[in-house]
Trainee: 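Got a structure for you, questions after.
In what follows, chains are A, B, ... by sequence order, proteins preceding strands, each numbered from 1.
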2 protein chains.
Amino acid sequence: MAGYPQFELDHQLCFALYTASRAMTRAYGPLLADTGLTYPQYVTLLALWRDPGQARSVGELGERLHLDSGTLTPLLKRLASMGYVTRSRDAADERRVLVTLTADGLALRDRLAAVPMSIASCLGMAPSEGMTLREQLTALTESLEASA
Amino acid sequence: MAGYPQFELDHQLCFALYTASRAMTRAYGPLLADTGLTYPQYVTLLALWRDPGQARSVGELGERLHLDSGTLTPLLKRLASMGYVTRSRDAADERRVLVTLTADGLALRDRLAAVPMSIASCLGMAPSEGMTLREQLTALTESLEASA
DNA sequence: CACGTTCATATTGTGTGCAATAGAATTGCG
DNA sequence: CGCAATTCTATTGCACACAATATGAACGTG
């Protein structure tokens, strides 16, 4: 009986992706522990650090991060309670909530400046390899989201 | 001011990985909806389908899936409540809990036989590309877990 | 300018993930 | 044999993810 080769766990791209993603998140844990941040919170700050004076709506952040309000609303409330962002209704459109970095939130960028290099040293690959892998994963995301 | 190029969201391998993994999980949703399974439950069944008569301890499954008991215990209880597995203490070592496929759990393997091909058609890449990507991700996981 | 539709965010409910702890069983060492 | 250390699973607490729904604001059409 040959079995069901299409179900072999070690042949599944999905499983390799799922496992690698969780390993990556765990790798950030010790690097973020000082600041009390989780990995999703760190990624949210990455989006905000891009242009620190610029306020973003929840929807803009969600589009950028591929996350919905059910995830972002409580996450942003926790960032606000830690003093890293502020949340306020947009005066021009009261449906929108604007998220802005605080001085403390911006200061985190300097405190965490070495994090990307620390992670890079754990990847076991050259920067060019990482770049290629990143591009393949981005293309994969686009294909998967287009099929939805 | 040049800024902080190391923090550019679109240059982060971690973010591409995080986003792709969630996109993949979402892609499985419609394919598993009929069975009531979630993606982590499906992956757990993949491990069990490998050798359907073989009982596994929670620890063995956790090692295979890189998941701990805090995740697996409730997940396996849900699979048991759906009738797809049974859970029982190992008579030879009462610390261990043995997980076994039921007939219904095994029958799912036939009901879901087309799932891997359906997913493959959403990936936007040739099988050989997917295989290479999978190998790179597996190597990445090993590097990240070795650095822990 | 009313009012139904659409838009933006919040809430609810379910199911992971994982660190930390607890608790029971087994093992190993003297 | 006795008991401390170890092993294995379960529990607890917290933080995502996301579908489904609710709520309120803004818009468009007549």
Trainee: Just how far, in rounded Å, is P of D/dA10 from CG of B/Leu72?
Mentor: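 Result: 10 Å.
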Trainee: If only side-chain N and O atoms of B/Tyr39 are considered, is one of them under 4.0 Å from the OP1 or OP2 phosphate oxygen of D/dA17?
Mentor: no
Trainee: Give me, pair by pair, the N or O atoms of the protein and of nucleotides 20-22 of chain D that are less than 3.5 Å apart, along with how far apart they are.
Mentor:
none

Trainee: What is the nucleic acid contact for A/Leu75, judged by heavy atoms within less than 4.0 Å: base, sugar-phosphate only, or nothing?
Mentor: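 Answer is sugar-phosphate: A/Leu75 comes under 4.0 Å of backbone atoms only.
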Trainee: Would you mind reading off the distance between B/Met24 atom CE and D/dC18 atom P, rounded to a whole angstrom?
Mentor: 14 Å
Trainee: Let me know the distance between CG of A/Leu65 and C1' of D/dC16, rounded to the nearest Å.
Mentor: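 Interatomic distance, CG of A/Leu65 to C1' of D/dC16: 13 Å.
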Trainee: So do the side chains of B/Glu129 and B/Leu133 get within less than 4.5 Å of each other, counting heavy atoms only?
Mentor: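 No. Closest side-chain heavy atoms not under 4.5 Å.
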Trainee: May I ask you to verify if any side-chain N or O of A/Arg26 is less than 4.0 angstrom from the OP1 or OP2 atom of C/dC18?
Mentor: yes
Trainee: Within the structure shown, what part of the strands sits under 4.0 Å from B/Arg22 by heavy-atom distance: base, sugar-phosphate, or nothing?
Mentor: sugar-phosphate
Trainee: Whole Å only: how far is the CG atom of B/Asp90 from the P atom of D/dC8?
Mentor: 11 Å
Trainee: Respond yes when some side-chain nitrogen or oxygen of B/Tyr18 is under 4.0 Å from OP1 or OP2 of D/dA17, and no when none is.
Mentor: yes
Trainee: Any side-chain N or O of A/Thr73 less than 4.0 Å from the OP1 or OP2 oxygen of C/dA10?
Mentor: yes
Trainee: Look at A/Arg96 and C/dT9 and indicate whether a side-chain polar atom (N or O) is within less than 4.0 Å of OP1 or OP2.
Mentor: no
Trainee: Below the 4.0 Å mark, does D/dC16 have OP1 or OP2 next to a side-chain nitrogen or oxygen of A/Thr38?
Mentor: yes
Trainee: Please determine whether a side-chain nitrogen or oxygen atom of A/Arg89 lies at a distance below 4.0 Å from atom OP1 or OP2 of D/dG24.
Mentor: no
Trainee: Quick check: on DNA chain D, is the nucleotide nearest A/Arg78 upstream (toward 5') of the one nearest A/Ala91, or the reverse? Name the residue that is more 5'.
Mentor: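 Closer to the 5' end of DNA chain D: A/Arg78.
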Trainee: Just wondering, do A/Lys77 and A/Ser81 contact through their side chains at under 4.5 Å, heavy atoms?
Mentor: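 No, side chains not in contact.
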Trainee: At their closest point, which heavy atom of A/Ala16 faces which heavy atom of B/Thr141, and how far apart are they?
Mentor: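 Heavy-atom minimum between the residues: O-OG1, 4.3 Å.
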Trainee: Check this one for me: any side-chain N or O of A/Lys77 less than 4.0 Å away from OP1 or OP2 of C/dT11?
Mentor: yes
Trainee: Taking the six-membered ring for Trp, are A/Tyr28 and A/Tyr39 parallel (under 30°), tilted (30 to 60°) or perpendicular (over 60°)?
Mentor: tilted
Trainee: Would you say C/dT16 has OP1 or OP2 under 4.0 Å from some side-chain N or O of B/Gln41?
Mentor: yes
Trainee: Expressed in angstrom and rounded to an integer, what is the separation of A/Leu67 atom CG from D/dA19 atom P?
Mentor: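 Whole-Å distance recorded here is 12 Å.
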Trainee: Looking only at heavy atoms, what is the nearest atom pair of A/Gln41 and A/Leu37, with distance?
Mentor: OE1-CA, 3.4 Å
Trainee: Base, sugar-phosphate, or nothing for A/Thr25, non-hydrogen atoms under 4.0 angstrom?
Mentor: nothing
Trainee: Should A/Arg87 be listed as having a side-chain N or O under 4.0 Å from OP1 or OP2 of C/dA10?
Mentor: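 Yes, within the criterion.
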Trainee: A/Tyr28 OH to D/dC16 C1': how many Å, rounded?
Mentor: 17 Å
Trainee: Any side-chain heavy-atom pair from B/Val97 and B/Asp90 closer than 4.5 angstrom?
Mentor: no
Trainee: How many whole angstroms separate atom CD of B/Glu94 from atom C1' of D/dA10?
Mentor: 15 Å
Trainee: Under 3.5 Å, which donor-acceptor pairs link side chains of residues 101-114 of chain B to any protein atom two or more places apart or in another chain?
Mentor:
| residue | atom | partner | partner atom | Å |
| --- | --- | --- | --- | --- |
| B/Thr102 | OG1 | B/Gly83 | O | 2.6 |
| B/Thr102 | OG1 | B/Tyr84 | O | 3.2 |
| B/Thr102 | OG1 | B/Asp104 | N | 3.4 |
| B/Thr102 | OG1 | B/Gly105 | N | 3.0 |
| B/Arg109 | NH1 | B/Trp49 | O | 3.3 |
| B/Asp110 | OD1 | A/Tyr4 | OH | 2.6 |

Trainee: Looking only at atom types and distance, does a side-chain atom of B/Ser21 sit under 3.5 Å from a main-chain N or O of B/Tyr18, one as donor and one as acceptor?
Mentor: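 Looks like no, no N/O pair under 3.5 Å.
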Trainee: Got a donor-acceptor pair under 3.5 Å from the side chain of B/Arg95 to the base of D/dT7?
Mentor: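 A donor-acceptor contact between them is present.
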Trainee: Return whichever of B/Val58 or A/Pro40 has its heavy-atom-nearest nucleotide of DNA chain D closer to the 5' end.
Mentor: B/Val58
Trainee: Nearest to the side chain of B/Asp93, heavy atoms from C-beta on, is which of D/dA25, C/dT26, C/dT9?
Mentor: C/dT26
